[in-house]
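These notes concern the structure reproduced below.
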Amino acid sequence: MTYLDRSTLDVLPVSAPLRGRAVPPGSKSITNRALLVAAFAVGTSRLTGALKSDDTIYMAEALRAMGIAVEEPDETTFVVTGKGLLQAPAEPLFLGNAGTATRFLTAAAACVDGSVIVDGDEHMRKRPIRPLVDALSSLGVDIEAPSNCPPVTIRGRGAFPSGRIEIDGGLSSQYVSALLMAAVCADGPVKVALTGNEIGARGYIDLTLAVMRAFGATVEQVEEGVWRVQPGSYRAADFHIEPDASAATYLWAAEILTGGKIDLGVAAPDFTQPDAKAHELIAQFPNMPAVIDGSQMQDAVPTLAVLAAFNNNPVRFVGIANLRVKECDRVNALSSNLSRIREGLGREEGDDLIVAGNPALAGQRLPASIDTFADHRIAMSFALAGLKIDGITIENPGCVAKTFPGYWDVMEKLGVRYG
Ligand SMILES: O=C(O)C1=C[C@@H](OP(=O)(O)O)[C@@H](O)[C@H](O)C1
Ligand SMILES: C=C(OP(=O)(O)O)C(=O)O
């Protein structure tokens, strides 16, 4: 039985600072982008340093169901052989709770000649996709999502329509990334224009553009919030994927919380993913700022919020409204679970989260069972609390398999013990 199979996991307080080498797994965001564009390319692409976890396995399986050969010669490599087109799958594509795979494949399905149903689990079926559906529909794509969430039915006509497409990225930047990547397969140039100023982490768009260009796409920003994608085809490429910056945040936090030394094998400034920005804030612990804008490092907010519980002063997290439509309502999951540890430790004010900050929590016995809501980031971040507080139990620890299946083992190698 592995830690992933346990129904609960007690994280025991560390008796010594965490030390050692722990390289995070490959980036989920980059792996799922690279899998998709390699599938669109003609020829064989070798993706090394890739993440193998629920989210990327769902993506790989979906591509196989659409006629793409995806081989896995080792634990961190995908070899993708594309034919320049995706075929209509025989069955609905089931994508679990993988937001990237679900949104990226919804737009990609417009390039298929035939019907595609994009679906996910009960959590994904509550995550909004209406803005992406409306944007595709406005361009003439035959698409429907009656519940405004998956399942989505797309009846593609074999090519992405050309023209100008407007998209509101306020709820999810993944809608924008999805359109940009699929637009390369259009029969003419496509302009993707943001409506509204609000977008989640802008850095994810840069990540998308970088992967597209690495596979030969021509895409440029023509004005603020407007990109032009030239029609063409992606070129197969050998592509190395950097470690996951969101996964790195747990290791950075564990290091500073225990006064240890963890070698991640990559320096914070060398990451290209948005969440690497969290490193500067983690480095300020136990004097983190009074206000943290989480909008440009959203997936790092659970890490920062649990760390803030031990900060010298309270921290207010702003710019995090769209955390309510992630794997779970993370604003609520963070405030409610912090308050399970100690009443009032976390509270919500509108969409802001306020963490009281109390260094004296360390060393106390405060039994709390953490409801992870099947959300990997809630499980991984609250495990950090267990390093300093006696009595932290993580419910459903297997949910970390979404992006970091080796999390509990990696922590154990660094010195963490479980009950
Ligand atoms: O594009 C991406 O790879 C991602 C974008 C972000 O989501 P939203 O754009 O939905 O905020 C982030 O939370 C997610 O984990 C990965
Ligand atoms: C929000 C996340 O994932 P996704 O949207 O890709 O499901 C995440 O990994 O924290």
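All ligand and atom numbering here is 1-based and tracks the order in the structure. For the single chain, residues carry numbers from 1 onward in sequence order.
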Quick note, side-chain hydrogen bond (donor to acceptor under 3.5 Å, both in side chains) partners involving residues 22-31, not counting sequence neighbours, are Ser27-Gln273
What do you reckon, are the aromatic ring centroids of Trp408 and Tyr250 less than 6.0 Å apart?
no
I need the minimum non-hydrogen distance between Leu179 and Ala135, along with the two atoms involved.
CD1-CB, 4.3 Å
Does the ring of Tyr58 carry Lys402 above it, NZ/CZ under 6.0 angstrom from centre and within 45° of its axis?
no
Does any non-hydrogen side-chain atom of Thr403 lie less than 4.5 Å from one of Asp244?
no
Any donor-acceptor N or O pair under 3.5 Å, side chains Asp187, Ser162
yes
Partner residues of Pro274 under the side-chain contact (heavy atoms from CB on, under 4.5 Å) criterion, sequence neighbours left out
Ala201, Tyr204, Leu207, Lys277
Under 4.0 Å from ligand 2, counting heavy atoms only: the protein residues, by chain and number:
Lys28, Asn97, Ala98, Gly99, Thr100, Arg127, Gln174, Asp299, Lys326, Glu327, Arg330, His376, Arg377, Lys402
4.5 Å side-chain heavy-atom contact, Phe78 and Glu72
yes
Does CZ in Arg130 sit with more than 12 non-hydrogen atoms of other residues, nucleotides or ligands closer than 6.0 Å?
yes
Which protein residues have a heavy atom closer than 4.0 Å to any atom of ligand 1, listed by chain and number?
Lys28, Ser29, Arg33, Thr100, Ser172, Ser173, Gln174, Tyr204, Gln298, Asp299, Asn322, Lys326
